[in-house]
Each structure stands twice: as structure tokens, then as C-alpha cells.
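Have a look at the structure below before the remarks.
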Amino acid sequence: RIRAWNRRRRDRRSGRRCPLLTVGIFNYVWGLHVDTAGRLWVADNGNVRVLRFDNAATKPSGALPDAVLGQPNFASSASGQGASRLRNAFHLAMDAAGTLWLSDANNSRVLGYKNAGTRPATGVNNANIVLGQPNFTATGGALVNDRSIVRPYGIAVTPAAGLLIADGSASRVLHFRSENAALQASLRTQIAAAQKALKKAKKAGKKAQAKKLAKKVASLNAQLADAS
């Protein structure tokens, strides 16, 4: 039983003092996934991170994780937006291509981490794909449409490499037919947002910003062409 406590840190919901945050201590585990290579993925929601245990079945009790996603290191538990941060770590699933999918409910999005199983232990392990938001910095799920995810929970990969997402607050299940289709949907949403911002910058006469946004649109279109 864990008896080390950090008096400065309390759980966001209950207000109770949490275990001292170290490499291998969990706080409100929500999701578990074992991939085909025998890696165990743990959604450590209270610490706002995902932990990876390589060859989990051969590890002794009390073994430490091999990598972390959602935090720059094993001692951090900050929440946030962006490609490197989370506000929740709920459910997990990995597809045949090695992309790990994670529901980040309070950011109203699902994140995809390509080649998750071979990533380094710590550092900036950014997500590559975002679903439900136009980009990695946007949040909020007030609108219910074909591009939004209000509050995602369960995730499953279908035999045909599709992705199923339980959008709990919208009382629906979303189906992305394949990882490639999911990536294309994400890129199209990001392109639409960037084009809108570019138009606004041009109208306001902000040449430097418009130039930067034009490059972003071109880059996203190139990524979409590669994914098509």
C-alpha cells in the first residue's frame, strides 16, 4: 500500500491528497490496452498521462513503465491543450499500423499517436492526429456536427481498421472507416480553419500573418495529398 503523500497536491475532483507522483504510481486508472506486441498501455487519468509497459507479461510486480505520453517526464502531471498535453486520459486502442488512439474527453477530442510503441521514454511525444477539433490548440464541444466530438469515452478499432468513438454527451457513436480516413478528416478540418484565418488576416491587412498562414495551408494540403 502506498504511504508516501504529497501534501501540496490534491485530486481535482475529490480534494483528497494524492500519492506522491513518481514513475510507477497510478492515480485513477481508466483505460487499459494490450497491443499485439505485448505492450500494456495504461490511461493514468488522475496524473493526466498514458504509461507504456513493454513486454508487460514478463515484468515483475512493481515494475516501472518504459514510456509516458501526455507529459514531458514521469514527474509532471500538468493538464492542458496542444499536441503534447491532455486534460483527460480515458480509453485507449491501437490499430494495426501502430497508432495509439486516446480519448481526451475534457478537450473534446481524440488523439492519435503514430508509432507509439517505439517512442522514447520521455520528452515531447506529440500526438500526430486530432479528431473532433480543427487543430491541437482548440477545445470545446458545444456544437454537435460531423466534425465535432462533444465528450469522447470508449474507443475501439474494427477488423477493417476503422475507428469507433463513443461520443457520450452527444449520445452517439462515430465511425471513421480507416486510420487513413481519420487522418484525412483531421487534415480537412485543419485546412478549413487555416483558410478561414488566412482570409481574416488578408482582410485585416496583416501581411506577415497571412504569409505564415498561407504556408500552413500549403503544408496541410500537401499532407492531405500524401494521405489520399
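- Arg49 and Asp44 are joined by a salt bridge, as a carboxylate oxygen and a charged side-chain nitrogen come within less than 4.0 angstrom of each other.
- Environment of NZ in Lys59: crowded, with over 12 heavy atoms of neighbouring residues, nucleotides or ligands closer than 6.0 Å.
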task = Decide yes or no on side-chain contact (heavy atoms from CB on, under 4.5 Å) for Ile165 and Leu131, but give the supporting numbers first.
result = CA-CA 10 Å; Ile165 300 170; Leu131 303 176; 4.2 Å; yes
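- Judged by distance alone, the side chains of Asp104 and Asn88 never bring a donor and an acceptor atom under 3.5 Å apart.
- The OG atom of Ser103 sits 9.5 Å away from atom CH2 of Trp30, with the distance rounded to the nearest 0.5 Å.
- Contact of the Arg188 side chain with the Leu224 side chain is registered, since non-hydrogen atoms from C-beta on lie closer than 4.5 Å.
- For the side-chain contact (heavy atoms from CB on, under 4.5 Å) test with Gln71, the passing option among Val48, Thr122, Val50, Asn125 is Val48; the others fail.
- Taking both residues in full, the closest heavy atoms of Pro152 and Arg109 are given as CG-O, 3.3 Å, listed atom of the first, atom of the second, then distance.
- None of Val130, Leu102, Ile155 except one satisfies the side-chain contact (heavy atoms from CB on, under 4.5 Å) rule with Val110; the exception is Ile155.
- Ring pair Phe90/Tyr153 is parallel by interplanar angle, where below 30° counts as parallel and above 60° as perpendicular.
- Remark: side-chain polar atoms of Ser219 are not paired, donor with acceptor, to backbone N or O of Lys215 under 3.5 angstrom.
- Side-chain N or O atoms of Asp66 include one that pairs as donor or acceptor with a backbone N or O of Asp54 at under 3.5 Å.
- Residue Asn126 comes nearest to Tyr113 through the heavy atom pair O-CD2, 3.8 Å, listed as atom of the first residue, atom of the second, then distance.
- Val34 and Val42 fall within a single hydrophobic cluster, where Ile, Leu, Val, Met, Phe, Trp and Tyr side chains are chained together by heavy-atom contacts under 4.5 Å.
- Residue Val68 is grouped with residue Phe53 when hydrophobic side chains (ILVMFWY) are merged at heavy-atom distances under 4.5 angstrom, including chains of intermediate members.
- Val150 and Val144 get closest at one heavy-atom pair: CG2-CG2, 3.7 Å.
- Phe26 and Leu32 fall within the same hydrophobic cluster, defined by Ile, Leu, Val, Met, Phe, Trp and Tyr side-chain heavy atoms under 4.5 Å apart, directly or through other members.
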message = Before you tell me yes or no, could you show the steps for Ser148 and Asn145 under side-chain contact (heavy atoms from CB on, under 4.5 Å), namely the whole-Å CA-CA distance, both residues' side-chain angles and the distance that decides it to 0.1 Å?
response = CA-CA 5 Å; Ser148 70; Asn145 55 42; 3.4 Å; yes
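- The shortest heavy-atom contact between Lys202 and Ala210 is CG-CB, 4.0 Å.
- A pairwise comparison of heavy atoms in Leu111 and Ala127 identifies CB-CB, 4.0 Å as the closest pair.
- Residues Arg85 and Asn107 have side chains that never bring a donor and an acceptor to within less than 3.5 angstrom of each other.
- By the criterion of side-chain heavy atoms lying less than 4.5 angstrom apart, applied directly or through intervening Ile, Leu, Val, Met, Phe, Trp or Tyr residues, Leu92 is not grouped with Val173; the two fall into different hydrophobic clusters.
- Here the OG1-CG distance, from Thr99 to Asn115, works out to 7.0 Å after rounding to the nearest 0.5 Å.
- One distance of note links CE of Met94 with CH2 of Trp41; it measures 4.5 Å at 0.5 Å rounding.
- Taking CG of Leu51 as the start and CD1 of Ile25 as the end, the distance is 11.5 Å to the nearest 0.5 Å.
- Note: Asn135 CG to Lys216 NZ = 5.5 Å, rounded to the nearest 0.5 Å.
- Leu174 CG to Asp167 CG: the interatomic distance, rounded to the nearest 0.5 Å, is 5.0 Å.
- The two atoms that bring Gln190 and Pro134 nearest to each other are CG-O, 2.6 Å, heavy atoms only.
- In terms of hydrophobic clustering, with Ile, Leu, Val, Met, Phe, Trp and Tyr side chains grouped at heavy-atom distances under 4.5 Å, Ile191 and Leu213 are assigned to different clusters.
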